[in-house]
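For clarity, every value in this text was computed on a predicted model and none was experimentally measured.
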Amino acid sequence: MWNILPVLLHLLALVWLSSGFAQQPGVRSWITKADGSALLEEQPIQLFGKNDGRHFPIVVDERQTFQEIDGFGFALTGGSAELLHEMSPSSRSALLKELFGKGTNDVSINYLRLSIGASDLNRFVYSYNDLKDGETDVALRKFSLGHDYDDIIPVLKEILAINPTLKIMASPWSAPTWMKTNGKVQGGSLKPEYYAVYAKYLLRYVQEMKKEGIVIDAITVQNEPLNSRNTPSMPITVPEMRVFLRDHLGPLFYKNVPETKIVLFDHNCDRPDYPLALLNDMELDRYVDGSGFHHYGGDISTMSLVHQARPDKNIYFTEQMVTQNTDVPIMNIAYQVERLVIGTMRNWSKNLILWNLAADPHNDPHTDNGGCSICQGALTLDGDAVSKNVAFHVIAQASKFVPTGSVRIQSNGPFDGVVNLTTDEENAEITRTTHIAQGNVLPNVAFKTPEGKIVLIVANSSFTDRSVKIQYRGRFVNLSLAAGAIATYVWPI
């Protein structure tokens, strides 16, 4: 019997340790370094313990919640789909599994943006109702998804087979030319006499895509409504948008596809007046789910300003081009994560969509005379050869760990107020407290996932290695983060 006792005690100890009573749960870490020496590389688990008294912590509090997260991803442009479709079936299948799958080595992208018709990153411009000069089709008898069947729809079906819960947003760059004042793909306005027809055109897109098994979760009414320089493009003023949305598109979608959200603006952070002026119309705002933003101009905090004015409406981040000179060995990954992942999430966005999933080594394809010639893809595809660029790593650091349905939670950032404990100068046995704004806390954002995990994303955009102290439920863990690196920390609630 005495010989069995040590074995029993050992088994009891293992049960006790595995139950979690012996220690606080550990923090798992995934690091990406600016020099590429670590790319989403998992680190040894670190255990929570006591406060060592050094450094100010990032205090994470899951009891304070903010917006629910829809997802992280890219625009599946026509050019992206074309390059993916030209890959060999086996190579494309492996790549799509890595991008959209949920396996150990996958990054679990869960949001895509499509163009309704062509964008400036298509090889050529088309709509779903292209006619000869002088012709019109107010009944939309010639409507067809047309060239979407070449690449977009086949690739999307492969993606949805991997991730059926993928969320999709769609945006038009232009109406068909016969509906426009200048009859051209670039610039021009939507003719008022075709407002009702164009609303039906957008409805038909949602309905026809659904027939293909592709559910459009949301549409933006117009990509960059203040931009007339893209090919294609179609600026829309606030008064024009008010009439089109209030009297035509809104009622039509509300009656026929109420599950498809309508998102305003879809342009830069320097013009919050555009969506707010429209939301001030009580007849219009009932059709609108929220507003979308890009960050080519203005400050990212504009999204919080719009949220403050209309907290009943959602905020979306719908586009940003992120590029990197491939001849430079150091990625600007920390800056981009701080600006886009942390910045958008801490300013109420439900999603993060970066521009252009894939391009070839020459940043093709794109349209002429207004297409983007510098729009590097998150992936560079050269036949079956795949290179991953900085935009891929920005999204992967979040999408792999923050699934749809996660909720942003409270965590203190740089210069937020913190409580500092100090020893009384006259009596060492007395502890004093001081409330200060501490700039040494690294930029970060935290989430609670549906599976009961805490996810904390931290960016060290400084030029020196930094300590990262995390406080959670009164316990602490001390970590380090290299200069220019980013980290995702995960632990169970």
Side-chain angles (χ1 to χ4, degrees), residues 66-76 109-116 119 165-173 202 206 215-227 241 245 249-250 253 259-276 278-279 284-285 287-322 339-357 391 394-395 398-399 402-408 445 447:
F66 302 93
Q67 76 273 24
E68 184 175 310
I69 305 304
D70 282 350
F72 300 84
F74 300 95
L76 180 65
I109 292 169
N110 49 13
Y111 211 118
L112 286 179
R113 182 185 183 216
L114 308 178
S115 61
I116 299 176
S119 77
T165 63
L166 178 84
K167 286 190 177 291
I168 299 173
M169 174 180 282
S171 306
W173 265 242
L202 295 176
V206 173
V215 176
I216 304 301
D217 181 70
I219 72 159
T220 66
V221 188
Q222 173 62 40
N223 173 72
E224 298 187 349
L226 303 176
N227 180 4
M241 181 66 78
L245 183 51
L249 186 69
F253 269 50
E259 67 280 3
T260 301
K261 305 175 184 70
I262 294 176
V263 177
L264 292 174
F265 195 44
D266 199 9
H267 210 165
N268 289 331
C269 287
D270 55 357
R271 291 295 304 274
D273 55 294
Y274 192 109
L276 288 178
L278 292 167
L279 289 172
L284 180 151
D285 89 324
Y287 301 122
V288 174
D289 179 80
S291 302
F293 292 90
H294 305 178
H295 196 218
Y296 303 112
D299 192 271
I300 201 75
S301 63
T302 294
M303 299 194 301
S304 283
L305 184 152
V306 175
H307 169 80
Q308 182 180 8
R310 288 301 301 266
D312 56 315
K313 299 298 182 180
N314 289 315
I315 299 293
Y316 298 89
F317 193 86
T318 51
E319 181 186 314
Q320 185 65 38
M321 178 180 67
V322 174
R339 177 172 72 122
L340 296 171
V341 178
I342 296 170
T344 59
M345 294 294 110
R346 291 188 80 100
N347 284 285
W348 292 97
S349 184
K350 288 176 65 66
N351 68 346
L352 171 60
I353 304 174
L354 298 187
W355 180 230
N356 198 21
L357 177 61
V394 169
I395 289 295
S399 62
V402 186
T404 301
S406 298
V407 177
R408 181 170 71 90
V445 65
F447 306 90

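No donor-acceptor contact under 3.5 angstrom links the side chains of R113 and T318, judged on distance only. Of the N and O atoms on the side chains of N347 and S304, at least one donor lies less than 3.5 Å from an acceptor on the other residue.
Side-chain atoms of W348 and Q308, non-hydrogen and from C-beta on, never get closer than 4.5 Å to each other. L279 places a side-chain heavy atom less than 4.5 Å from the side chain of S291. In this structure the side chain of Y111 never reaches within 4.5 angstrom of the side chain of K350, judged on heavy atoms. Put simply, the side chain of R408 reaches to within 4.5 Å of the side chain of V445, judged on heavy atoms. In this structure, R339 and I300 have side chains that are not in contact, with every pair of non-hydrogen atoms separated by 4.5 Å or more.
Nearest heavy atoms, I353 versus F74: CG2-C, 3.6 Å. Between S349 and M303 the shortest heavy-atom distance is CB-CE, 4.2 Å.
A distance of 6.5 Å separates OG1 of T220 from CE of M169, quoted to the nearest 0.5 Å. Annotation: the span from L305 atom CG to C269 atom SG amounts to 10.5 Å, rounded to 0.5 Å.
Looking only at distances, no side-chain donor or acceptor of K167 sits under 3.5 Å from a matching main-chain atom of D217. A donor-acceptor distance shorter than 3.5 angstrom exists from the side chain of N110 to the backbone of F72, with no hydrogens or angles considered. One N or O on the side chain of H295 and one on the backbone of G298 form a donor-acceptor pair closer than 3.5 Å.
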